[in-house]
Amino acid sequence: MSTVATDIKLDAKIPEGPLAEKWEKHKFNIKLVNPANKRKYDIIVVGTGLAGASAAATLAELGYNVKAFCFQDSPRRAHSIAAQGGINAAKNYQGDGDSIFRLFYDTIKGGDYRSREANVYRLAQVSVNIIDQAVAQGVPFAREYGGLLANRSFGGAQVSRTFYAKGQTGQQLLLGAYSALMRQVAAGKVQLFPRTELLDVVLVDGKARGIVARNLITGKIESHSAHAVVLATGGYGNVFYLSTNAMGSNGSAAWRAYKKGALFANPCFTQIHPTCIPVSGHYQSKLTLMSESLRNDGRVWVPKTVEDAEKIRRGELNPNDLPEDRRDYYLERKYPSFGNLVPRDVASRNAKYVCDEGRGVGPTGLAVFLDFRDAIKRDGRAVIEAKYGNLFDMYMRITGENPYEVPMKIYPAVHYTMGGLWVDYNLMTTIPGLYAIGECNFSDHGANRLGASALMQGLADGYFILPYTIGDYLARMPYDKVPTTHPAFKDAEREVENRIKKLLSINGKRTVDEFHRELGKIMWDYCGMSRNAEGLTKAREMVVKLREEFWSDLKMVGVNEEFNQTLEKALRVADFFELAELMIIDALHRNESCGGHFREEYQTPDGEALRNDEEYAYVAAWQYTGDGNEPVLHKEPLVFENVKLTQRSYK
Amino acid sequence: MKLTLKIWRQKDANDKGRFVTYQVDDVSPDMSFLEMLDVLNESLIHKGEDPVAFDHDCREGICGMCSLFINGKPHGPEQTTTCQLHMRSFKDGDTIVIEPWRAKPFPVVKDLVVDRSAFDRIIQAGGYISVNTGSAQDANNIPIPKDKASEAFDAATCIGCGACVAACKNASAMLFVAAKVSHLALLPQGDPERAIRVSKMVAQMDAEGFGACTNTGACEAECPKGISVKNIARLNREFLRAKFIEEVDKPLEELAEGK
């Protein structure tokens, strides 16, 4: 029997009043810490991506003492840097009818009605401030000849509200936040801990009061005390082994928080991006995204028959020689009105279906063609080169194939996790004093995130929301510091040391990567683009069995007291094994299809996602009740007062 | 493909270090260079040996974490990051020499991993615009000519990998510093701190022990993002400009004392 109290009342603390006034009113009502007292408070920020760097810099500017942690060698490396497309903001600079309400509406609808109205509205409100802030920092956004900012349109929206810096928007925004952070390091308000990884969250009297971290160079286990802890540690897409995430991206901070009592919300909501460069062999370590704008001119197809597909796979048949009547342009066939431009989840799912039928191409059979032949014939090579030249070059560099001459091969890949730590309107988890921001929390994207909204949310949380809401909590806290000699820290350190010792003492035969690859395959096959109860049930058994093997047959090298990348990986993968099971449990419990969560049993007669708003219009927040015990489900009902729930159709 | 790798192994910062030779078979031309090293490391772990430590993260050419001096060139034979270098750039039977960045301000942490925190400290010295969150005016109040914005962007695409330092016979960090100074000096927002920024960043660059620039252009040739040496010319101009301003603005007492 579990000894954990499970009678939690989830309170999202959504302010009263009309939607458009909630945030203003809330800012007025929350308590403030006076400027002279801010220096008496210490705040730990873990992760230095868009959310973490912007939060750490802003908190320091306000006068708090900040300790910022990242596992990379510099805060500038955080994976926000890889975001390509852009950042949404309801500036309406194009005068094309955009507004805060429209951005709010598009985001709620894009998320398939599984996010909180009040949070999303606030996100749309502060979106405009983000652009102002970034420009003031010197972020070189694209501009028109008149010198004003340029915009482009993106999926899921009918207005041009996306600000961009070529295909490197994430890099430029992160370097902006990083420079603000560096300024505060120079001012002595932020202490930086690069190459340091969180291994546990420390609670004193039920409140988050610090962390235990490992110095990745020396292996030293160190405790850090503070008045509040902010997790900005990103998503857990790497549970699938192959994803567009960076190699080091991991779910351990969120998972450790979960095991200390923070609720984990909607873990099964993952976004699979349809246009990535396919896996080329078993040694593949990560997947690279190709901008989905390519679908504007490329036609997606596979051979009609398995025989033709096999010939192409073996290199006996050049795809260019396959006659038109033996090709299946399956998106155009199934979705005549949207064709190749169906949303991400629909495009991804259909690619999987045709490959499952054995009609996939490429050496592994897990790819579909994205063919520019007709576009080049129609517009000429020069036009296509002007539009997509840099993407074609990148594709050529990675694959060694020339997409002007042979069709490009693409396949979906895990890209983003909408699920994450449950937070209230103040971005606080169910552990007092523990906050989660950016991709690490669950709050704004529902069951599917729109393009160019991840950068917006990370910076909204870090620059404009958390720095206010954390004051409300700290204003009620005494100034006294908890020394790291406190038993709570010592217990956490011991627990971490034991975990490391246990890992290092397994004298098995299989490497961390071998286990991770196998775990990823189970998750991809059964808890990926499309899921069903039978497969999920089987997957859970497989994950549990593989996890047992991991803890008995892992091959480790080296010791803790050194720079040990194998140990770093093992600690992360150990947590992925547990998180994977929760994802499966969540996917199994949600008997509906919505956004990125497609349960095959719940589809319309035309094979589209079928929501069940009667029974599942809630946030599923899971509570840890001890290893080997079933997690307990808590429901936060989603109330829609400002939008009408509708069924998406792209036929 | 079968390859012979001569890899620099160094246990920690205090170890003397040495080259160790490894054979790798079954290398696919479609592998990235780092995936080839992954395969080597998997085999080393199976043998109970210490895998080769190397820095890497995004593996899509943008985070700047990967490094490696490959056959005498930073990031290897192509002008890209090591993570975007593929084995089809090599031939069956090749011998590949792999070293860490060699520069005094980048001490070796282990094997091929170096400490590049000197770059962070240079940015801390002034690589920013001093604007607190929430104090910004509307973004479109400052029109910036498209060509200026593009030039600033090109300089701002530096990924901070350190290839410029590794390529330079003087281990100069001029291209890295120039990229940031240019990015901010080209924009009206960066103007108020233009002089103080360049002075402080150059002073920090010197304090870290990076060498001087002798205009060989090796940095631009090896920069995976193609940052132009024109930025170094701009850095020199900005530096000189700042010196004149300093002379004029220096308090008289200090001038009298010959400071």
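Numbers restart at 1 for each chain; the letters A, B, ... are given by sequence-line order, proteins then strands. Just so it is clear, the structure is predicted and the values come from calculations on it, not from any experiment.
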* To do: May I have the step-by-step check of ring-ring contact (aromatic ring centres under 6.0 Å, His included) for A:F141 and B:F153, ending in yes or no?
  => CA-CA 8 Å; A:F141 283 123; B:F153 170 84; over 10 Å; no
Please state whether the side chain, the backbone, both or neither of [X] comes within less than 4.5 Å of a heavy atom of chain B.
| X | answer |
| --- | --- |
| A:L175 | side chain |
| A:E401 | neither |
| A:T288 | side chain |
| A:Q72 | both |
| A:N129 | neither |
| A:K509 | backbone |

Less than 4.5 Å to any heavy atom of chain A: does that hold for the side chain of [X], its backbone, both, or neither?
| X | result |
| --- | --- |
| B:I45 | both |
| B:D12 | neither |
| B:D154 | side chain |
| B:V52 | backbone |
| B:R88 | side chain |
| B:K11 | side chain |
| B:Q137 | backbone |

* Asked: Applying the side-chain contact (heavy atoms from CB on, under 4.5 Å) test to B:M1, which of B:M36, B:M87, B:M31 qualifies?
  ->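 It is B:M87; the other options fail the test.
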Between [options], who has the most heavy-atom pairs with chain B when the cutoff is under 4.5 Å?
| options | result |
| --- | --- |
| A:L174, A:I131, A:D73, A:I217 | A:D73 |
| A:Q565, A:R510, A:H79, A:Q171 | A:Q171 |
| A:G558, A:A136, A:A57 | A:A136 |
| A:I81, A:I398, A:V557 | A:I398 |
| A:L148, A:L62, A:T58 | A:L148 |
| A:G248, A:S285, A:A186 | A:S285 |

* Asked: After noting the C-alpha distance and the side-chain angles of B:R116 and B:D55, does the key distance pass the salt bridge (charged side-chain N to carboxylate O under 4.0 Å, His left out) rule?
  -> CA-CA 11 Å; B:R116 285 168 288 191; B:D55 266 330; 3.6 Å; yes
* Asked: Hey, would you say the A:Y463 and A:Y468 ring centroids sit under 6.0 Å apart?
  ->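 No, the ring centres sit 6.0 Å or more apart.
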* Work out which heavy atom in A:L149 is nearest to a heavy atom in B:A139; give both atom names and the distance. =>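 For A:L149 versus B:A139, the nearest heavy atoms are CD1-CB, 3.5 Å.
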* How far apart are the C-alpha atoms of A:Q137 and A:S179, what are their side-chain angles, what is the distance that settles it, and do they pass the side chain to side chain donor-acceptor pair (under 3.5 Å) test? -> CA-CA 8 Å; A:Q137 287 169 344; A:S179 69; 5.5 Å; no
Looking at [options], which has the largest count of heavy-atom pairs under 4.5 Å with chain A?
| options | result |
| --- | --- |
| B:E78, B:Q84, B:K110 | B:K110 |
| B:L187, B:N132, B:I129, B:D111 | B:N132 |
| B:D147, B:V114, B:D30, B:L186 | B:D30 |

Establish, from distance only, whether the side-chain atoms of [X] and [Y] form a donor-acceptor pair under 3.5 Å.
| X | Y | value |
| --- | --- | --- |
| B:H183 | A:Q172 | no |
| B:H86 | B:S32 | no |
| B:S28 | A:Y283 | yes |
| A:N151 | A:Y164 | no |

* **Option passing salt bridge (Lys or Arg N to Asp or Glu O under 4.0 Å) with B:E238 (candidates B:R197, B:K180, B:R194)** =>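 That would be B:R194; it is the only one of B:R197, B:K180, B:R194 passing the salt bridge (Lys or Arg N to Asp or Glu O under 4.0 Å) with B:E238.
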